[in-house]
Amino acid sequence: MTIDDLRTSVRGGVLLPGDADFEPAAQPWNTAVAQSVAAVVEPADARDVAAVLEYAAAAGHVVVTQPTGHGATGDIDGAILVRTKHFDGVEIDAERRIARVGSGVQWGRVQAAAAAHGLTGLAGSNPVVGVTGYTLGGGFGWFARKYGWAADAVRAMEVVDAAGKPQRVTAESDPLLFWALRGGGGDFAIVTALEFELFPLPQLYGGRMMWAAERAREVFDLFVELTTGAPEELSVWLQRYQIPGAAPTVAIDFAYLGDPAEGRRLTARLDALGGIVADSRGLLTPAEIGRITAEPTDPSPSLSRGELLTNLGDAVVKTLIDEPVAPLLNIQIRALGGALARPSAGGGARGPVTEPYALYLLGLGLPHLREAVDTRFGEINDALGSHLTGAKPYTFLAPGESAAAAFDPQTLDRLQQIKRHRDPNNVIRANFPVHA
Ligand SMILES: Cc1cc2nc3c(=O)[nH]c(=O)nc-3n(C[C@H](O)[C@H](O)[C@H](O)COP(=O)(O)OP(=O)(O)OC[C@H]3O[C@@H](n4cnc5c(N)ncnc54)[C@H](O)[C@@H]3O)c2cc1C
């Protein structure tokens, strides 16, 4: 059997090098990442997924599933790339507060469907990030301090396992696999659909307030005030931007999950600072959550680094607040805590994160900037030293990094055992594999 034969065994699309649509189909959302794959397969159903896995095992290929390529790493040359665009269903059971979502769906569609019932999923900052990759990696955003990791809200996953068998995995049917799938990444099976809990959110208030970069110290002090002892309904992120051609800025982004009057009261100190150059505060629906950060939704070339911070002491202020953002585009600090720091009853492989803040550094992944951006990542890392634990949220891992940074040694060991047992021939490959 040759790779060409996939065209007969798979009913959905199969694109091979030389086909007119191959290059765009192989290109991930992060256009800074090049991936030279052997084929792009767009399965129509679980049977097609099984056919791909069977062929890959026999021919010695690995299978990489990427709904969007937001988390692409570029080290998958020769792999068969699965695009899940045909798994596109979104069903909301408002009474049971459960969503059943195909593995090709992006968060914006889930949020729009849930918001129509006054409900929310545990989405992140960007509506075009895929539900599946985000959730398999843990997934945290504006709703996480109150409701925890997206992975822990999962009630079932429909998968095709490495042996090609379709299964509905729940806490009862297969506790080990269910545990691994909730935060351990995409190494264990190919997901075709997820079922997860939705949360009531009749009122949501939030937005962005922005100042000129010179105000960074004052805005930072306010950020510390707002995030110290904040209720779990309030999430606040600090952002510094230096976009080429625009004046550098500093911003506070926040979401309050509740009565807007209380949200306004809790953040009233923001008005006292004066000199505000942009203010998008207002009522939002869960479907509009992406408006707060207004991140790019079109494919973009990005280089990033994620870290967890132990505190916001002097070294952090000097490195992240006082020095210019360039050659980076954005320095983001997210206040964590709340439900993210607590063990969740029956929770998955993600587990709690007790560091109080997450750091996300972003640069443009264009060839002439790469070296400067990478150098700056290294300088910041060195300067922050012991203020970083070295641990990272799985979804904030960057190309070249290892899944080992996302888990404690016992969790990693358990994930590796499950991987060895469930996929002994390593046919399925996550963007950050758990195996050594
Ligand atoms: C602009 C932007 C904003 C972001 N915001 C947040 C945020 O607020 N919070 C957060 O936690 N993360 C955030 N992320 C990180 C994001 O969650 C990860 O990059 C995640 O992997 C994206 O999932 P995806 O399915 O879109 O990406 P893809 O690159 O398509 O998939 C990533 C990986 O997920 C696994 N996977 C996906 N689908 C399947 C499947 N069907 N079966 C098996 N494995 C599968 C695979 O290992 C795959 O390589 C953001 C990323 C970007 C670029």
Side-chain angles (χ1 to χ4, degrees), residues 27-33 35 43 46 49 52-53 62-76 79 81-87 101-108 122-144 149-151 157-162 180-181 183-194 235 237 253 255 289-290 292-304 306 329-330 332 334 336 340 350 353 358 360 362 365 392-399 403 406 423 428-434:
Q27 176 65 56
W29 183 90
N30 184 353
T31 55
V33 172
Q35 41 192 22
V49 175
V52 176
L53 286 167
V62 295
V63 178
V64 171
T65 308
Q66 268 177 16
T68 69
H70 277 82
T73 47
D75 47 3
I76 58 163
L81 179 63
V82 168
R83 294 274 188 225
T84 47
K85 67 179 195 182
H86 295 305
F87 298 97
V101 172
S103 61
V105 172
Q106 292 158 305
W107 268 115
L122 302 185
S125 55
N126 191 310
V128 301
V129 164
V131 174
T132 312
Y134 173 94
T135 305
L136 286 169
F140 68 112
W142 295 111
F143 311 108
W149 298 93
M157 285 206 198
E158 290 167 29
V159 309
V160 178
D161 70 15
L181 289 168
D187 251 335
F188 307 95
I190 295 185
V191 179
T192 53
L194 307 89
S235 286
W237 302 354
D253 295 348
I289 198 72
I292 299 177
T293 49
E295 292 166 8
T297 50
D298 288 336
S300 311
S302 63
L303 296 177
S304 66
L329 289 177
N330 176 217
Q332 177 191 88
R334 297 185 179 192
L336 305 178
L340 287 170
R350 171 52 275 158
V353 162
Y360 189 75
L362 180 72
K392 292 158 191 271
Y394 188 96
T395 52
F396 276 19
L397 291 171
D423 183 15
I428 296 170
R429 188 190 189 281
N431 48 353
F432 299 99
V434 296

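Note that ligands are numbered from 1 as they come in the structure, with each ligand's atoms numbered from 1 the same way.
Ligand 1 places these atoms under 4.0 Å from at least one heavy atom of A430: 47 (O). Shown in contact with T68 at under 4.0 Å from a heavy atom are these atoms of ligand 1, numbered in order with element: 24 (P), 26 (O), 27 (O), 28 (P), 30 (O). For ligand 1, the atoms closer than 4.0 angstrom to any heavy atom of A189 are 42 (N), 43 (C). In summary, the atoms of ligand 1 found under 4.0 Å from a heavy atom of Q66, numbered by their order in the structure, are 29 (O), 30 (O). Shown in contact with G186 at under 4.0 Å from a heavy atom are these atoms of ligand 1, numbered in order with element: 44 (N), 47 (O). Listed by atom number, the atoms of ligand 1 under 4.0 Å from F140 heavy atoms are 7 (C), 8 (O), 9 (N), 10 (C), 11 (O). Using a 4.0 Å cut-off to heavy atoms of N126, the atoms of ligand 1 that qualify are 1 (C), 3 (C). Each of the atoms 41 (N) of ligand 1 lies under 4.0 Å from some heavy atom of S103.
For the side chain to side chain donor-acceptor pair (under 3.5 Å) condition, the pairs that include at least one residue of residues 292-301, sequence neighbours left out, are S125-E295, N126-E295, T293-E295.
Judged by the shortest distance from any of its heavy atoms, R334 lies inside the 4.0 Å radius around the atoms of ligand 1. Contact annotation: V64 has no heavy atom less than 4.0 Å from any atom of ligand 1. Ligand 1 lies less than 4.0 angstrom from a heavy atom belonging to W29. Judged by the shortest distance from any of its heavy atoms, G139 lies inside the 4.0 Å radius around the atoms of ligand 1. At least one heavy atom of P67 sits under 4.0 Å from some atom of ligand 1. At least one heavy atom of G69 sits less than 4.0 Å from an atom of ligand 1.
Note: Y360 and F396 have tilted aromatic rings, judged against thresholds of 30 and 60 degrees for the angle between ring planes.
Relative to atom 35 (C) of ligand 1, the option among L122, V49, T135, L136 with the closest non-hydrogen atom is L136.
Q27 and Q35 share no side-chain donor-acceptor pair at under 3.5 Å.
Ionic pairing of D253 and R334 is not present here: no N-O contact between side-chain nitrogen and carboxylate oxygen is shorter than 4.0 angstrom.
Protein heavy atom in closest approach to atom 40 (C) of ligand 1: T65 CG2, 3.5 Å. Of the protein's non-hydrogen atoms, the one nearest atom 53 (C) of ligand 1 is H70 CD2, 3.3 Å. Scanning all protein heavy atoms for the shortest distance to atom 50 (C) of ligand 1 gives V129 CG2, 3.9 Å.
Among the atoms of G133, some N or O lies under 3.5 angstrom from an N or O of ligand 1. Checked against a 3.5 angstrom limit, the closest N/O atoms of G71 and ligand 1 fall inside it.
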